[in-house]
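Sequence lines set the chain letters: A, B, ... in the order given, protein chains first and strands last, and positions in each chain run from 1. Worth saying up front: this structure is predicted, and the values here are computed from it rather than measured.
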2 protein chains.
Amino acid sequence: MAEKIKNESEITESKKFMPNLSYDSVIFGFNGKQLKILILEYHNTGFFALPGGFVRRNESLDDAVKRGVRHRTGLDRIYLEQFHTFGDIERSDSEAMMRILEENGMDLKTNQWMLDRFLTVAYYALINYDEVTPRPDKLSDSISWYSIDELPALMMDHKKIVEKALQVLRENLEKKLIGMNLLPPKFTMKQLQQVYEAILGENLRRTTFQRRILSMDILERHDKLFQGKAHKAPYLYSFKSEKII
Amino acid sequence: MAEKIKNESEITESKKFMPNLSYDSVIFGFNGKQLKILILEYHNTGFFALPGGFVRRNESLDDAVKRGVRHRTGLDRIYLEQFHTFGDIERSDSEAMMRILEENGMDLKTNQWMLDRFLTVAYYALINYDEVTPRPDKLSDSISWYSIDELPALMMDHKKIVEKALQVLRENLEKKLIGMNLLPPKFTMKQLQQVYEAILGENLRRTTFQRRILSMDILERHDKLFQGKAHKAPYLYSFKSEKII
DNA sequence: TATTATTGTCACTAAATGAGACAATAAAAA
DNA sequence: TTTTTATTGTCTCATTTAGTGACAATAATA
């Protein structure tokens, strides 16, 4: 049996995007102490979720994610890494989606396509915490930083996505010079160590860490940073420019 | 403008699968000397490609890939690892797809959905070369093993997919006990070393390799293997069962 | 001027890895 | 039966890397 003819607006709306496919982003920031991620809350629902979006028919997957993350953070150059695609059947939750549409006064017919099953491609982003004032979009009440060990309950499989992001981030820590994307251009050795400790979730030895990083020959040393504290002032470092990706 | 009403068979056919999404599999095997992958050739086209397929609406992404790889190899338990999702716009090639449909006498109308843009989720599989006699499916002339440094020209972005698979396989070599999936249950230390060498594309020192592997405490030693050669017989090993994933 | 907290660096130890040496041994050749 | 051959298992020593503590240098404070 042929299905009934769809109404025009649904066709128009759903044709803008690749169907049944979304992306979700785990946006990491570092506030000097803790590793944090951006979580948004949908209007009037109590639903917390990762910032995500859809892929337009005339843009690449990577570009779609760049566009979305740029839009939410205001940052132009963002370190992004795709880490997994989630495709379980049960991951989609049409009832929750319906709630969100209703609470935002969106037409169910027009947006029917959003209630279907979705696969999602997950990316993590590393950004300089201080440069960002995240702004909520139309659908969400708030978008704000949460420490990774104090996350609210997340909708659908977003908790699983965050866990996988963290796992891959840890695995990539050594081989991808990740620190540079979470810190300001100049930083002290202690700050870099704190980034590593926050990501790994464990304490590192100061002398060993310093020796290992310096032996990698990726840092440039600058003037000392006088913090106005009663002790020796640390050097500032930056990543050697030729090492930057 | 509303689009024209689709004919019934197209709707039925395309509704079986998630639209605009495929998977591709890089199936690795080891013949004792070289690392090889399975490549298929479509009827009468000269197009070489990775084995791939589509995701049914009522099955998970992982299950779809398992189903496809099982069908092509006849193996039931397969080590599979998702490694990347490819989503460039230019990666889709509707003309090539049309050629394939035509040469296989498939109706263009019914299979119109296949000519659209596709994103593909890529997996690699590790299988025991000796256990498999790959069989071509309806669409393909042949499916056979190619050494990774003697691949034919592949269609679309499949070369890029293979390269990425190899890169991730190398990165995972240490942390995921990959050898076990490419070897028979019992093997010599030399065989294991040859797997490592084939994957890494470099020679390793015998003594260092042996010491490192043994110190990992993942192998069980069995009787010697008498090969009928004029030298000391090597021990056979297997992976300790509690270490198997 | 002494005190305080933190930093950069060194020294010593322990562990891991590189590189070669060599005896043991299964089968073939003499 | 003895010798030869190729490969294996293991040992030793040198080199590199990492763990651990010690300590002097130094900005600001008391």
Counting only side-chain N and O atoms of [X], is one of them less than 4.0 Å from OP1 or OP2 of [N]?
{"X": "B:Q210", "N": "D:dG9", "value": "yes"}
{"X": "A:R221", "N": "C:dG8", "value": "no"}
{"X": "B:K224", "N": "C:dA26", "value": "yes"}
{"X": "A:R205", "N": "D:dG19", "value": "no"}
{"X": "B:K232", "N": "D:dA6", "value": "no"}

I'd like to know if A:R212 reaches the base of D:dG19 with its side chain such that a donor and an acceptor end up less than 3.5 angstrom apart.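 Side chain to base: no pair below 3.5 Å.
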Between the base of D:dG21 and the side chain of A:R206, is there any donor-acceptor pair under 3.5 Å?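 No.
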Does B:K160 pair with B:D88 as a salt bridge, N-O distance under 4.0 Å? yes
What I want to find out is whether A:K240 reaches A:D217 closely enough, with some N-O distance under 4.0 Å, to be called a salt bridge.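 Judged by the 4.0 Å cut-off on N to carboxylate O distance, A:K240 and A:D217 do form a salt bridge.
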Working for side-chain hydrogen bond (donor to acceptor under 3.5 Å, both in side chains), residues A:E171 and A:Q167: CA-CA 6 Å; A:E171 290 169 2; A:Q167 179 205 319; 3.1 Å; yes
A:P234 or B:A233, whichever maps to the more 5' nucleotide of DNA chain C: A:P234
Mind calculating the distance between [atom1] ([X]) and [atom2] ([N]) to the nearest angstrom?
{"X": "A:L225", "N": "C:dG8", "atom1": "CG", "atom2": "P", "result": "11 Å"}
{"X": "A:Q227", "N": "D:dT26", "atom1": "CD", "atom2": "P", "result": "17 Å"}
{"X": "B:F226", "N": "C:dT25", "atom1": "CZ", "atom2": "P", "result": "11 Å"}
{"X": "B:M189", "N": "D:dG9", "atom1": "CE", "atom2": "C1'", "result": "10 Å"}
{"X": "A:F209", "N": "D:dT20", "atom1": "CZ", "atom2": "P", "result": "17 Å"}
{"X": "B:R211", "N": "D:dC13", "atom1": "CZ", "atom2": "P", "result": "14 Å"}
{"X": "A:L214", "N": "C:dC10", "atom1": "CG", "atom2": "C1'", "result": "14 Å"}
{"X": "A:K190", "N": "C:dA5", "atom1": "NZ", "atom2": "C1'", "result": "9 Å"}

Base, sugar-phosphate or nothing for A:T207? Non-hydrogen atoms, less than 4.0 Å.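 Base contact - A:T207 has a heavy atom under 4.0 Å of at least one base atom.
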Examine the side chains of A:D223 and A:Y235 and answer whether a donor and an acceptor come within less than 3.5 Å of each other.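 No, A:Y235 and A:D223 have no side-chain donor paired with an acceptor closer than 3.5 Å.
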Any donor-acceptor N/O pair, B:E150 side chain to B:S147 backbone, under 3.5 Å: no
Given D:dA27, C:dA26, D:dA18, identify the nucleotide with an atom nearest to the side chain of A:T208.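 Nearest to the side-chain atoms of A:T208, counting from C-beta on, is D:dA18.
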